[in-house]
Asker: 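Below is one structure. I have some questions about it.
In the text below, chain A, chain B and the rest are named by the order of the sequence lines, each starting its count at 1. Just the heavy atoms: all of them, side chains too, but no hydrogens, waters or symmetry mates, feed the values below.
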Amino acid sequence: MIVTRSWLNNFIDISEVSDDKLYETLNSIGLEVDSIKKYNIPQKVVVGKIISCEKHPDADKLNVCQIDIGSGVRQIVCGAKNVVDAQYVAVATIGAKLGEDFEIKHAKLRGVESEGMVCSASELGLPDIGDGIMILDESIGELVVGKDLNEYEKIADTVIELELTANRGDCLSIHGVARDLSAALNIPLNKFDYESQNSEKIGIARIAKLTKKGIIPASLQYVMANIDDLHTSLLFSLRLAFIKEPQKDSISSILKYITHCTGVILRAYDISSIDTEEDKLEIKVTNDDRVINIAINGEIQSQVGINQNEESMAHDNASIVLFESSYAHPEDLVDVVAEKKLKTDELYYNTSRGSEPNVCFGVQYLTYLLETYTGCTLYDGTISLDEEQEDKIITITTQEISTLIGNEIEK
Amino acid sequence: MENLEKMIEKADSLEELEKVRVELFGKKGALSKEFAKLKDVPGPEKKAFAEGLNQNKVKLQTLFDERYTTLKKEEIEKLLKAETIDVSLYGNLGEKGALHPVMATMDKIIDYFVALNFAIEDGPKVEDDFHNFEALNLPKNHPAREMQDTFFCKDGAVLRTHTSPVQIRTMLKQKPPIRMIAPGAVFRKDYDLTHTPMFHQVEGLVVGEKGEVNFANLKSIMSEFLHYMFGDVEIRFRPSFFPFTEPSAEVDISCIFCEAKGCRVCSHTGWLEVLGCGIVDQNVFDAVEYKNVSGYAFGLGVERFAMLLHKIPDLRMLFEGDTRLLEQFR
Ligand SMILES: [Zn+2]
């Protein structure tokens with residue numbers, strides 16, 4: 001499990017807690033720290049705004065950019081293809097040291113003056129987030145031209161790798177780790193709350209119908225969205241790279257990001273083929289000898305907590321997507337999977353150790369991300385199936401604890 | 001007669017003497033011939049003739065024996081002289097062996113606990129599911145089983161993945177109080193810089209009446225033991241999880257390579273993890289039907305200790321049998 005300082009800050013304010021204190025606290029609450037890495041962006045690397053970008057007169061692959069770096073406009077020659085799409089970029093200005101023997105100096109590239117370098121993530125010592133230069137966006141904070149990149153805590157982040165023991169499914173998310181830190185450090189845990197600002201007036205219930213057969217020992221919640229202007233922000237790419245889980249497309253990036261952040265298991269079904277005016281979407285949940293099957297319009301598309309059919313998975317070319325947030329009991333899952341030798345996907349690592357049971361949390365976070373960072377519109381409301389959960393009661397007396405540890409603890 | 005005597009005296013090797021023996025005492029030898037004459041000797045003289053012969057025979061025999069002894073002695077001396085070795089000389093053969101560092105470390109660990117009155121227990125290396133997992137609160141399909149990459153036999157038996165099944169066997173065989181260690185080989189499906197498919201553990205278990213054995217006891221004994229092994233190091237108990245203990249702890253010592261300043265070996269943390277321990281989980285006692293008891297257990301990897309003690313960088317070196325490594329432990 002990998003967490004980052006700025007990501008934890010979403011849920012708990014640890015800005016006053018030093019790295020050493022954080023390391024010590026995590027270790028002392030049973031979340032063993034494997035490694036801590038602080039990413040430092042070199043000095044004189046600043047936010048730059050591209051004013052213009054033209055082809056180099058003598059080189060096809062080079063672009064000549066005029067970039068505002070706060071203290072003035074500089075002409076910089078850049079070889080990356082994606083610079084033409086960029087507005088804000090990371091600029092290593094004259095004097096920036098990007099390595100032991102690599103200092104940015106005045107240069108002439110094929111006869112054109114260049115006063116700096118537009119950087120990719122890996123050139124700044126960050127994990128690789130794909131081809132070309134790093135295009136900055138507001139997901140890392142307000143972009144101020146000329147501001148040192150090292151001052152953006154979401155970029156110059158501290159990445160902490162934890163070695164979780166098998167009993168700590170509850171800490172397989174940023175929120176879970178924040179929850180434990182909150183108790184240990186006595187800092188309140190921020191409750192995440194988000195109300196959809198939806199503009200799509202059609203309610204999900206007008207299109208989709210959820211039915212169940214038998215006793216379903218699981219929780220499920222569904223939302224639907226029209227997919228539009230789907231892209232991942234820099235923060236998504238960077239954080240998925242920090243946690244070593246880069247994804248191929250935007251939808252899987254969003255799902256991975258939310259699961260890692262909230263601990264809730266999310267799946268996306270491509271339902272583009274339905275006509276929202278005419279068709280109904282039928283979601284049928286059945287308990288088939290302890291395997292909870294989800295059938296969409298008559299075809300089984302997934303097994304809760306275990307697997308999903310490849311064909312039903314939504315990719316970026318989908319126009320309408322059904323999102324599902326789910327929880328099933330880990331004890332049930334491990335037994336039925338072993339007994340029936342079922343094929344499992346990568347989410348099973350989380351579900352078999354216990355994913356976040358608050359399925360609503362996952363849906364809220366998804367809604368928030370889709371509405372904040374994409375042009376997707378959500379259908380009004382959610383449909384859900386809730387399992388009656390009994391509270392678990394653990395009884396132990398302070399006397400018993402004292403006897404066990406051989407020491408009195410102060411109340 | 002004198003001739004015969006001379007023959008004996010002349011023989012100057014055991015081989016020659018043997019020839020003389022045949023000539024004199026053999027079936028067709030000189031003496032037999034003399035005795036054969038007896039039948040032609042007239043009656044009254046027979047007795048005297050026979051007596052004379054016998055006296056000669058005894059005389060010759062004595063002479064022969066004496067000569068034999070002398071020659072034998074000479075022969076042995078000659079042999080001894082030929083085979084004499086100077087033990088103070090360096091030989092280029094027959095090198096002296098020594099305990100393998102893993103065994104030497106194991107002995108050092110055992111010495112400590114034996115001095116504290118721990119019994120040494122052993123168990124089979126091919127185990128069943130009950131002793132290796134089930135009784136240790138590792139139910140079937142539990143994700144914690146994945147912590148240990150197991151070698152399975154076709155019939156469901158396993159190569160023991162830890163020495164912990166010896167705890168179960170000992171508890172089933174004996175009654176509390178129990179105070180034992182179980183050193184031995186264990187097996188896991190893993191092979192890299194820090195893992196080999198076979199390695200050694202030392203397991204410890206103490207069981208007493210309820211309330212008699214607690215975490216404070218465990219902490220004290222583990223701390224003393226680690227000081228005995230590693231000298232003046234700092235010790236840190238970190239909460240952790242093992243299915244068979246609750247609460248559980250992993251124990252670290254301050255890095256002995258960098259004096260806790262942070263280096264590659266300790267992943268720049270200043271700490272080295274050396275053992276796991278905890279208060280025996282009630283489910284384990286339930287599995288062996290122990291009532292009203294409490295206990296603690298601990299386990300450690302012997303190779304890890306040997307590597308730290310002797311600053312051996314790669315675990316696999318301990319299993320390669322390279323004499324250049326082993327020579328350093330003579
Ligand atoms: Zn060190």
Asker: Mark yes when over 12 heavy atoms from residues, nucleotides or ligands other than A/I215 sit less than 6.0 Å from its CD1; otherwise mark no.
Answerer: no
Asker: Looking at chain A, which one of B/R236, B/K210, B/K219 has the largest number of heavy-atom pairs inside 4.5 Å, strictly under?
Answerer: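 Looking at each of B/R236, B/K210, B/K219 in turn, B/R236 comes out on top.
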Asker: Is any side-chain heavy atom of A/L404 closer than 4.5 Å to one of B/P247?
Answerer: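 Yes - at least one pair of side-chain heavy atoms lies under 4.5 Å apart.
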Asker: Tell me if the CD atom of B/E209 is crowded by more than 12 foreign heavy atoms within 6.0 Å.
Answerer: no
Asker: Taking atom CG of A/L26 and atom CZ of B/R238, what is their separation to the nearest 0.5 Å?
Answerer: 11.5 Å
Asker: Measuring from A/T403:OG1 to B/I279:CD1, what's the distance to the nearest 0.5 Å?
Answerer: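 Spacing of OG1 (A/T403) from CD1 (B/I279) equals 11.0 Å.
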Asker: For A/Q43, does the CD atom sit with more than 12 other heavy atoms under 6.0 Å from it, leaving out its own atoms?
Answerer: no
Asker: What part of A/S35 gets closer than 4.5 Å to chain B, counting heavy atoms only: side chain, backbone, both or neither?
Answerer: neither
Asker: Check whether A/Y349 gets within reach of chain B through its side chain, its backbone, both or neither, counting any heavy atom under 4.5 Å.
Answerer: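 Contact with chain B involves no heavy atom of A/Y349 at all.
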Asker: Would you mind checking which part of B/T269 comes under 4.5 Å of any heavy atom in chain A, side chain (CB onward), backbone (N, CA, C, O), both or neither?
Answerer: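 When you check distances to chain A, atoms from both the backbone and side chain of B/T269 fall under 4.5 Å.
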Asker: Give a yes or no on whether A/N186 atom CG has more than 12 heavy-atom contacts from other residues, nucleotides or ligands under 6.0 Å away.
Answerer: no
Asker: Can you tell me if CG on A/N40 sees more than 12 non-hydrogen neighbours from other groups inside 6.0 Å?
Answerer: yes
Asker: Quick check: are there more than 12 heavy atoms from other residues, nucleotides or ligands sitting under 6.0 Å from NZ of A/K21?
Answerer: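 Open.
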Asker: Which region of B/E212, side chain (C-beta onward) or backbone (N, CA, C, O), has a non-hydrogen atom less than 4.5 Å from a non-hydrogen atom of chain A, or is it both or neither?
Answerer: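 For B/E212, there is no contact with chain A at all, as no heavy atom is under 4.5 Å.
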Asker: Can you tell me which portion of A/I29 sits under 4.5 Å from chain B's heavy atoms? Options are side chain, backbone, both or neither.
Answerer: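 The answer is the backbone of A/I29.
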Asker: Tell me whether B/Q282 at atom CD has more than 12 heavy atoms from other residues, nucleotides or ligands lying less than 6.0 Å away.
Answerer: yes
Asker: Distance check, rounded to the nearest 0.5 Å: B/S240 atom OG versus A/N167 atom CG?
Answerer: 8.0 Å
Asker: Just verifying a value: how many Å separate A/N27 CG and B/W271 CH2, rounded to the nearest 0.5 Å?
Answerer: 10.0 Å
Asker: Should we say atom CD of A/E400 is surrounded by more than 12 heavy atoms from elsewhere, each under 6.0 Å from it?
Answerer: yes
Asker: Using non-hydrogen atoms only, which part of A/N407 is less than 4.5 Å away from chain B: side chain, backbone, both, or neither?
Answerer: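 Neither the backbone nor the side chain of A/N407 comes within 4.5 Å of chain B.
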Asker: Give, for atom CZ of B/F241 and atom OG1 of A/T165, the distance between the pair rounded to the nearest 0.5 Å.
Answerer: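 The CZ atom of B/F241 sits 6.5 Å away from the OG1 atom of A/T165.
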Asker: Please examine the side chains of B/K140 and A/V334, heavy atoms only from C-beta on, and report whether any two atoms are closer than 4.5 Å.
Answerer: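 Side-chain contact under 4.5 Å: no.
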Asker: Between A/S402, A/G169, A/S28, who has the most heavy-atom pairs with chain B when the cutoff is under 4.5 Å?
Answerer: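 Going by pairs under 4.5 Å, I would pick A/S28.
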Asker: Working to the nearest 0.5 angstrom, can you tell me the gap between B/E273 CD and A/E163 CD?
Answerer: 7.0 Å
